[in-house]
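Computed over heavy atoms, backbone and side chain alike; hydrogens, waters and symmetry mates excluded. We name chains A, B, ... by the order of the sequence lines, and we start the count at 1 in each one.
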Protein chains: 2
Amino acid sequence: MDKNTKRTPAALKILDAASQLFYWKGIHSIGVETIASEAGVTKKTLYDRFGSKDQLIVAYLEERDRQWKKHLDNYLDRIPDDKPLQKILSIFDALEKWLETNSQRGCAFVNALAELPEASHPGRKVIFEEKRWLKQLFATFLRHLEFDQADEIAEKLLMLHEGITVTYSMNLSTNGIASAKETVQLILNANQ
Amino acid sequence: MDKNTKRTPAALKILDAASQLFYWKGIHSIGVETIASEAGVTKKTLYDRFGSKDQLIVAYLEERDRQWKKHLDNYLDRIPDDKPLQKILSIFDALEKWLETNSQRGCAFVNALAELPEASHPGRKVIFEEKRWLKQLFATFLRHLEFDQADEIAEKLLMLHEGITVTYSMNLSTNGIASAKETVQLILNANQ
DNA sequence: TTAAAAATAAACCGATCGGTATATTCAATG
DNA sequence: CATTGAATATACCGATCGGTTTATTTTTAA
């Protein structure tokens with residue numbers, strides 16, 4: 001957000017176009033030429049603002065991260081801080097809505113990781129950090145609930161989170177994510 | 001396998017090289033030139049045997065499917081047919097070993113789907129069919145166990161299966177897949 | 001108002017992409 | 001032994017890749 005206010009109008013259009021194209025068509029199948037023309041902008045402008053395709057990829061991932069966290073906050077903020085159980089459940093509600101509106105092609109981070117095998121690519125840091133962050137968010141709420149082994153349970157919840165996303169994108173979750181939420185309840189009940 | 005016995009030696013070398021390169025480097029970042037040279041073979045031979053890169057991609061996915069099912073059978077065959085519960089659990093044991101030895105970079109099918117956005121690409125059929133098959137395998141064993149709603153529970157198990165794979169590839173499953181197996185037990189106990 | 005930053009326009013670069021052509025050699029089988 | 005399928009070697013194709021260059025115009029702030 002701080003980062004976005006300092007972006008020029010053309011940079012915003014580029015990031016917008018790149019986000020859609022990268023997500024829906026894949027990172028490597030889309031060329032900078034396509035992104036520039038889709039954004040109604042010159043390739044020169046793209047390179048002046050972002051430096052390289054790799055840096056644009058990083059910006060795309062960071063922006064996706066920002067949007068997901070903003071979306072998630074809309075859900076978390078409605079739950080009072082003394083209801084950590086409901087906070088956890090609301091993460092899955094947020095995910096459900098997110099999948100319906102922004103993620104018909106699966107998790108942008110998982111997909112991007114598939115296309116970024118080089119250990120040194122800076123985009124990978126963004127991806128790993130995003131998942132680690134979510135796991136820690138689960139763990140924090142679990143600790144408030146005074147669960148033993150908060151980290152272990154957080155791991156299970158994260159697994160579910162990722163599993164839903166994959167199956168949803170393959171049209172294998174026939175009941176929306178209701179199945180997943182039942183399993184969440186099961187895990188929480190079992191360890192309390 | 002029937003398909004593999006009729007493959008020429010060069011075709012086998014090509015498929016072998018392509019499988020490794022596609023899985024570890026991604027489908028679009030690897031060119032046919034690289035595959036041919038890695039296989040110690042001419043590009044002409046590659047095109048004589050596989051026709052196009054897209055058809056080679058399909059062959060790669062079919063071969064991966066064959067190998068996973070063969071690996072899985074090694075586990076399932078050890079369990080007698082009148083123990084469907086243990087059959088289900090052995091699927092997750094098979095997955096654990098599979099992840100350790102063949103899947104450090106996540107699920108080949110999920111990754112490939114990320115790179116094949118076009119609805120008409122024949123590789124997508126292979127991918128969807130693989131997941132649908134696994135879900136049905138779960139459902140079959142659950143029906144033998146006389147579970148109500150075998151399909152719904154199969155869905156939950158598939159979610160776990162996919163979730164493990166994702167978190168494993170991101171080094172987020174600190175206890176191997178022990179956490180996942182606990183959740184499997186939880187699901188099975190809850191619905192019996 | 002004026003100077004700097006941002007954006008346009010368009011040509012250009014070497015490298016690589018997937019795929020083809022032609023001509024030659026090798027290996028197996030009837 | 002002859003035929004045929006498989007493989008090699010190599011040059012080539014147009015298209016596209018990510019990225020650069022130069023020159024000009026527009027926008028924005030001090």
Rounded to whole Å, how long is the line connecting atom [atom1] of [X] with atom [atom2] of [N]?
X      : N      : atom1 : atom2 : result
B:K53  : D:dA15 : NZ    : P     : 19 Å
B:L46  : C:dT20 : CG    : P     : 12 Å
A:L21  : D:dC17 : CG    : P     : 12 Å
A:E115 : D:dC17 : CD    : C1'   : 15 Å
A:R49  : D:dT20 : CZ    : P     : 14 Å
A:F50  : D:dT20 : CZ    : C1'   : 18 Å
B:Y47  : D:dT8  : OH    : C1'   : 17 Å
B:K43  : D:dT8  : NZ    : P     : 15 Å

Using heavy-atom distances to pick each residue's nearest nucleotide on DNA chain C, tell me which of A:K44 and A:E33 is more 5'.
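Its nearest nucleotide being more 5', the pick is A:K44.
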Which is true for B:I30 with a 4.0 Å heavy-atom rule: it touches a base, it touches only sugar-phosphate, or it touches nothing?
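B:I30: backbone/sugar contact only, no base atoms under 4.0 Å.
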Think [X] has a side-chain N or O under 4.0 angstrom from the OP1 or OP2 of [N]?
X     : N     : result
B:T42 : D:dA9 : no
B:T45 : D:dT8 : yes
B:T8  : D:dA7 : yes

Main-chain N/O of B:I27 paired with B:E115 side-chain donor or acceptor, under 3.5 Å:
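Between the backbone of B:I27 and the side chain of B:E115 there is a qualifying donor-acceptor contact (under 3.5 Å).
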Keeping B:R64 on the side-chain end and B:F109 on the backbone end, is there a donor-acceptor pair under 3.5 Å?
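Answer holds: no.
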B:R143 to B:F147 six-membered ring, cation-pi geometry met (6.0 Å, 45°)
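Ring-cation test returns no.
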Can you confirm if the NZ or CZ of B:R132 lies within 45° of the ring axis of B:F128 and under 6.0 Å from the centre of its six-membered ring?
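So B:R132 doesn't make the cation-pi contact.
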If we count only N and O atoms by modelled type, under 3.5 Å, do the side chains of A:W24 and A:Q104 hold a donor and an acceptor together?
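No.
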Mapping A:D48 and A:T34 onto DNA chain D by nearest heavy atom, which one lands closer to the 5' end?
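Residue closer to the 5' terminus by nearest nucleotide: A:T34.
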